[in-house]
Each structure stands twice: as C-alpha cells, then as structure tokens.
4 protein chains.
Amino acid sequence: MASGTLNKIMLIGHTGDDVKMTYFEGGGCIGRFPLATNEEYINKSTNEKVSNTEWHNIVVRNKAAEVCEKYLKKGDKVYIEGRIKTRKWQDDKGMDRYTTDVQCTEFTFLTPKDSVNTPTANSTEPQKTQASKAQNPPIEEDNDDLPF
Amino acid sequence: MASGTLNKIMLIGHTGDDVKMTYFEGGGCIGRFPLATNEEYINKSTNEKVSNTEWHNIVVRNKAAEVCEKYLKKGDKVYIEGRIKTRKWQDDKGMDRYTTDVQCTEFTFLTPKDSVNTPTANSTEPQKTQASKAQNPPIEEDNDDLPF
Amino acid sequence: MASGTLNKIMLIGHTGDDVKMTYFEGGGCIGRFPLATNEEYINKSTNEKVSNTEWHNIVVRNKAAEVCEKYLKKGDKVYIEGRIKTRKWQDDKGMDRYTTDVQCTEFTFLTPKDSVNTPTANSTEPQKTQASKAQNPPIEEDNDDLPF
Amino acid sequence: MASGTLNKIMLIGHTGDDVKMTYFEGGGCIGRFPLATNEEYINKSTNEKVSNTEWHNIVVRNKAAEVCEKYLKKGDKVYIEGRIKTRKWQDDKGMDRYTTDVQCTEFTFLTPKDSVNTPTANSTEPQKTQASKAQNPPIEEDNDDLPF
DNA sequence: TTTT
DNA sequence: TTTT
C-alpha cells in the first residue's frame, strides 16, 4: 500500500501584474500571474541590510482563474496555497529549460475592497480552485447535514 | 467586501486509538480519533529534558471517515490537515464546557502497510475529505483536460 | 530512534482585542489576544447561508509579545503561525477545565500601517518569536556568510 | 510600514539520493539532496491513471546539513519545511538559467530507524535549521522559564 | 491513549 | 533519482 507524500506551498505576497488568461478548446482556461514575496535581514558579516524579492509563477485554473482575473489586480495582496510543479520546455534553440510553477489550489484575497458586492465578498475562507467550485465557499462544510 | 481569513492546522502524529464512528440518519457519518504529537526540549534553567505529548481530537466525515475507520489503526502515523473548531457543550451539571476539535480536510497515511491492496493504495497525495471524494485522489487535477 | 511529529497551525484573522500582557519575575512575559477566523458556506439542505466565527487564543512570548503589544491593535489583520497546546486548569469549583491555546512561533502583520517607522517596518517575512530574536528578521539567513 | 509576506513550503517525500555536502571557508557548509513527491489521479477524459513525480532540490545549511548527511539516506521519508528560492546561473554557453531550490528551515525524519542512539533520537518535533541549533530541539521552548 |  |  502506498503511504503518502505532501507537496504544499503557502504564500502571502503581492501580485506583480494582472492575471493573464489562456483559453482552451473545450472550455478550460488557466490564469497566470507573478507573485512577490520579500525577505529582509541583516548580513551578520557586513552588518548590511539585505532585501530579497522572490517571484513565484502562479497558475490558477478554470473558474478560479476567472475569479482571479476579475478581482485580483496588480499590486493586490493575496494568500495562495498550492503545489509546486516544475515543467520542461524548449527554448528557441531547442535546449531543455525548466520553469517552476505554483499550481494554485486555494486562495484568499487580502487586499480590502471597498467596491460593490462580489462573488468573493461572501467568502472569508480560502476558496478551493476546483473546476466548478471556484466561486463557492469551502465544500467540506456544505455537503452534508450533520448536526454540528 | 470581505477579505479572507485562514484557519489551517497540519499535524503529523500517532493515533492513540482506533476510529470511533457515529452514523446519522440520512446517511452521514463522522469518525473520531485522538492524535498525539510530541515535543522534547531541554529546560535551560534546570537543564532537564522535558517531554510533552499533545492530544488532538480529530474529526473526519463521511467517506473519509469510512476510509480512516478501515485503514487507520491505533498507533499508526498519519498526516492530518484541517481546521480548528471549538464547540460548546453542557456537562452533567449543566455547565458550559468547550472542546477543541480538528475538522480534518485532508489526510495521508504515513505508516507503511504491507497488506493487501486498498482503496487508498493508489493515492500518494493527501486525500481530500469531501463527502463524495474521500477515496479519490486530489480533484483539482482530474476535472479538466488542460494540456499541462 | 525517534521519528518525528508535527504540530503546526497557520491562521490569518483579525484580532478581537488588544494584547494583554503578563510579566513574570526574571524578566519573561507573555501576551495574549483573541484572533477571529471566519467561514461562510451554504447549507445545502436548507439553502441558507451560514456564517461561523472561530475564536483562537493566541499566546506570544517575551520580545515577540512586546512587539505585538506595541503594534497590534484590536481589529488588525495578522498572520499567526504556531502550535496547539491544550492546558488544564481548575475552575472556582475545583473542576478540571481545558483550554486550547495557539503558542505563536511566527507572525506577520497584514494590516497596512501608514504610521511612522517601526521595528517591524523592515521585516517583510514572518517574525520568529524566540526570546531574543522577536524583533529581528528570520535568522536562518543571517547566521552565516555562505556565498548564495 | 511594510506589511508582511509569507514564503513557506511543506513537503513529505522520499529522498532520491544521499546528501551531497559542500564546505566553505570559514566553516560553513550546505547539503543538497533531491526529494520526490508523488501524485496519482484519474484523467477524467481518458479514464487513465496518471502518475507524476515531482523532484524538489532541497538545500540545508550548516549543522542541519551535517545532521541530514549523517542520518538521512537515499530512499528515506522526510518532512521538509522551507522557503522557495529561485537562483540564476550561467550554463556553459553563458546563457542565463534558473533553478528553484527549497531552502530548508525545519525537517523531521519520518523513516523509523532501529539503529543506535542518534543526536536526533531525542527530538520528536521538527528541527530548526539554524546555524548553531540544528541538532537541538525547537528553541521557542527552552529559552525562558515561564511557568507554563 | 500514541510514538521514539 | 524516491516511494507505493
């Protein structure tokens, strides 16, 4: 019997651009956007402050992608949960190249919106990014009628 | 508009007992079991080693509960992901009491099984604990046919 | 040889009160504050929207407690990482009671401050809550001079 | 004032090789090893089972690297916590290339060892990977003498 | 009540 | 290159 593995990444950062959508035949789509996380620390040897920005390639799918495209703007703060996936591609010289993406499985917007009511306005827990559930609240809760 | 919150707990520990099931009218069920996590450290003042065991009340629902009941045995190591929920109850004197549970949303067995093939045998990623998905692999992957 | 366990909780929520400090002989201190996380979902049986607020008892120690007391105000949004600890106490009738705390190990403020420069202003990664490091940036980075 | 970001990855997987050490002048060192996580799911379009293995480049520092080198063997299961860092390098044609590493901040061994007593034998919580603390238990606990 |  |  298989025993399990875990591949989970949790990010809080600011988007570096709007969501770029790609639509596929059959109705699927993905959205991509860069997310920046920062760290600052003192280099103990030189006593200098060091600032690093790490850029993450976020990939969201289907309904979740559409929600992100609609409500997530460049510079917004967002919580992203997902898994790491490194994909191989060929550059223009036919060389193998690798890029590491974050395949988003949950997200929640952290930038306060004072705008009108939105689909996400009613959700205060991270949204699952399943095909047909992206705009819905967590689904563990709503699929039964247990008395607790 | 609401901006989001997060309530996530991630545990690796050993079960202190088998899963106790409760079945409800309408077909729902929950399973409960205790999970132990440990910490050891040196008390710097006394230079003594201190061992602490923390017991967590794990609650699993529906199909996931049935999978756990079937394959998770007392003493097994397991990864549990979920959210914290504190519930109020009355003791036999009518006093309000509170108990904090971990409502399990994902799990993966970490004790190697050399037994016969099981429903979980084919899943090496944490299992989502939704009503109808408990025995299936992560559902983000299988609900589209995107070319990546 | 021991194999490990994990006891980790990650929360994003709003503080329900200012930080209450307790000082101990010897110079130690702790801060306590309540943190609210929310979930909303549709009850599929009744089709009603359900809103739940979960309150977490956050416990921070020493320097980290002092930073929180100084900069974290009621209503602020904050990321808290820690471990679960359930403690036993006696009520006024001598009955055993249990309360579950979140012992904070890292935190990062999520409410934008437009105020003057603060100790936390220079840290954009979660702060470790060790006794002597609370106001410092992550310490993994600054304790060596490795060329990367 | 800066508000915070989070860059956290949590993995459970199997090592694909022993730890490769690099030592630096001044006494620092790093260890590197590959970690595999797996996912399996049913492609709903083709009804075929799909198996994917994801390889992560784990980087551990200093004392933690030495502990891993000593006790972590090819094929072992391990929990790794860290942050994502993508670094740039030049290939032999001078082209910019990028590789994404997991800078390990905590780890705990999940493969039971029946061997002799080890430095890690007394720790059942994830080990922090700071320069001088790698072999020690979590340090939040041992740096004060608070009465709880 | 687990595990090492 | 792991594991089931």
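Bear in mind the structure is a predicted one, so any value in this text is a computation, not a measurement. Residue numbers start from 1 in every chain, and the chains themselves are labelled A, B, ... in the order their sequence lines are given, proteins ahead of strands.
In terms of polar N and O atoms assigned as donor or acceptor, the side chain of Thr53(B) comes within less than 3.5 Å of the base of dT2(E) in a complementary pairing.
Here the P atom of nucleotide dT2(E) and the CD atom of Glu40(B) are 16 Å apart, to the nearest Å. Rounded to an integer number of Å, the gap from Lys20(B) NZ to dT1(E) P is 13 Å. For the pair Asp76(D) CG and dT2(F) C1', the interatomic distance rounds to 10 Å; values are reported in whole Å. Rounding to whole angstrom units, NE2 of residue His14(B) and P of dT2(E) are separated by 11 Å. Rounded to whole Å, the distance from OH on Tyr79(B) to C1' on dT2(E) is 19 Å. Rounded to an integer number of Å, the gap from Phe33(B) CZ to dT2(E) P is 15 Å. Distance NZ (Lys77(B)) to P (dT3(E)): 11 Å, rounded to an integer number of Å. Phe109(D) places its CZ atom 21 Å from the P atom of dT3(E), with the value rounded to the nearest Å.
Here Glu81(D) pairs with Lys8(C), Lys8(D) under the salt bridge (Lys or Arg N to Asp or Glu O under 4.0 Å) rule; sequence neighbours left out.
Side-chain contact check for Trp55(C) and Thr86(B): no donor-acceptor pair (N or O, by modelled atom type) lies under 3.5 Å.
For Asp17(B) (side chain) and Lys74(B) (main-chain N/O), no donor-acceptor pair under 3.5 Å exists by modelled atom type.
Stacking between Trp55(B) and dT1(E) is present: the aromatic ring centre lies within less than 5.5 angstrom of the base six-membered ring centre, and the two planes differ by under 30 degrees.
With dT1(F), dT2(F), dT2(E) as the choices, the nucleotide that has an atom nearest any side-chain atom of Asn38(D) turns out to be dT2(F).
No salt bridge links Lys85(B) with Glu54(C); every basic N to acidic carboxylate O contact stays at or beyond 4.0 Å.
Within the nucleic acid shown, Gly13(B) has no heavy atom closer than 4.0 Å to any nucleic acid atom.
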